[in-house]
Amino acid sequence: MKITIGVVAYNEENNLPSLLRDIEAQSYPHADMEVVLADSMSTDDTRKVMQEWQKKKKDNFLDDFVSNPNPSYYICNKEELEIRNVQIN
């Protein structure tokens, strides 16, 4: 079964590396994990951290990078899930 992990961030350049390492450390088969990274108009290097991780890990995960023009976490999460037809409970 494929799963989706959504990471929506605003100015989290210092915290993202640790979170992304934790995702990598999961025992769930990486080929069955989709990692969606969404930057909510960060003013730091959050976007750069996401893009570098995406390039480095593209062979291990199904992944996507989204630039969200609206800095609202909720709106981005909801829009991303709707795009992927994920049921929100």
Side-chain angles (χ1 to χ4, degrees):
M1 173 173 46
K2 293 194 184 280
I3 63 168
T4 299
I5 299 171
V7 177
V8 181
Y10 175 75
N11 289 345
E12 295 291 341
E13 103 180 80
N14 294 324
N15 297 315
L16 271 176
S18 175
L19 173 68
L20 296 172
R21 279 192 303 273
D22 288 345
I23 291 172
E24 293 173 27
Q26 297 302 307
S27 60
Y28 200 82
H30 291 178
D32 291 331
M33 295 169 67
E34 175 187 44
V35 180
V36 179
L37 305 174
D39 174 34
S40 291
M41 295 180 57
S42 297
T43 57
D44 65 0
D45 282 335
T46 294
R47 180 187 196 99
K48 182 178 177 183
V49 171
M50 289 179 168
Q51 290 173 325
E52 288 175 359
W53 187 82
Q54 181 188 34
K55 287 177 189 175
K56 185 172 70 169
K57 296 298 176 184
K58 68 181 178 180
D59 294 333
N60 298 64
F61 295 90
L62 293 171
D63 63 278
D64 196 5
F65 177 80
V66 177
S67 182
N68 178 26
N70 187 332
S72 167
Y73 289 3
Y74 172 75
I75 290 171
C76 186
N77 278 330
K78 186 173 184 298
E79 288 172 355
E80 278 308 303
L81 293 174
E82 287 174 350
I83 288 169
R84 286 166 174 71
N85 295 317
V86 175
Q87 182 176 354
I88 303 171
N89 291 326

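Note that these values count all heavy atoms, side chains included, but never hydrogens, waters or copies made by symmetry.
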Looking at [atom1] of [X] and [atom2] of [Y], how far apart are the two atoms once the value is rounded to the nearest 0.5 Å?
X: Trp53; Y: Ile23; atom1: CH2; atom2: CD1; result: 5.5 Å
X: Leu20; Y: Lys56; atom1: CG; atom2: NZ; result: 8.0 Å
X: Leu19; Y: Glu24; atom1: CG; atom2: CD; result: 10.0 Å

| remark: Taken in chain and number order and not counting sequence neighbours, the residues that satisfy side chain to side chain donor-acceptor pair (under 3.5 Å) with Asn15 are Glu12
| request: Using the test side chain to side chain contact (heavy atoms under 4.5 Å, CB included), find all partners of Glu13 that sit at least two apart in sequence or belong to another chain. | output: Asp44, Asp45, Thr46, Val49
| Contacts of Ser18 that satisfy side chain to side chain contact (heavy atoms under 4.5 Å, CB included) - sequence neighbours left out | Arg21, Asp22
| query | If every non-hydrogen atom of Ala9 is compared with every non-hydrogen atom of Ser42, which pair is closest and at what distance? | reply | O-OG, 3.6 Å
| remark: Shortest non-hydrogen pair, Leu37 vs Met50, comes out as CD1-O, 3.7 Å
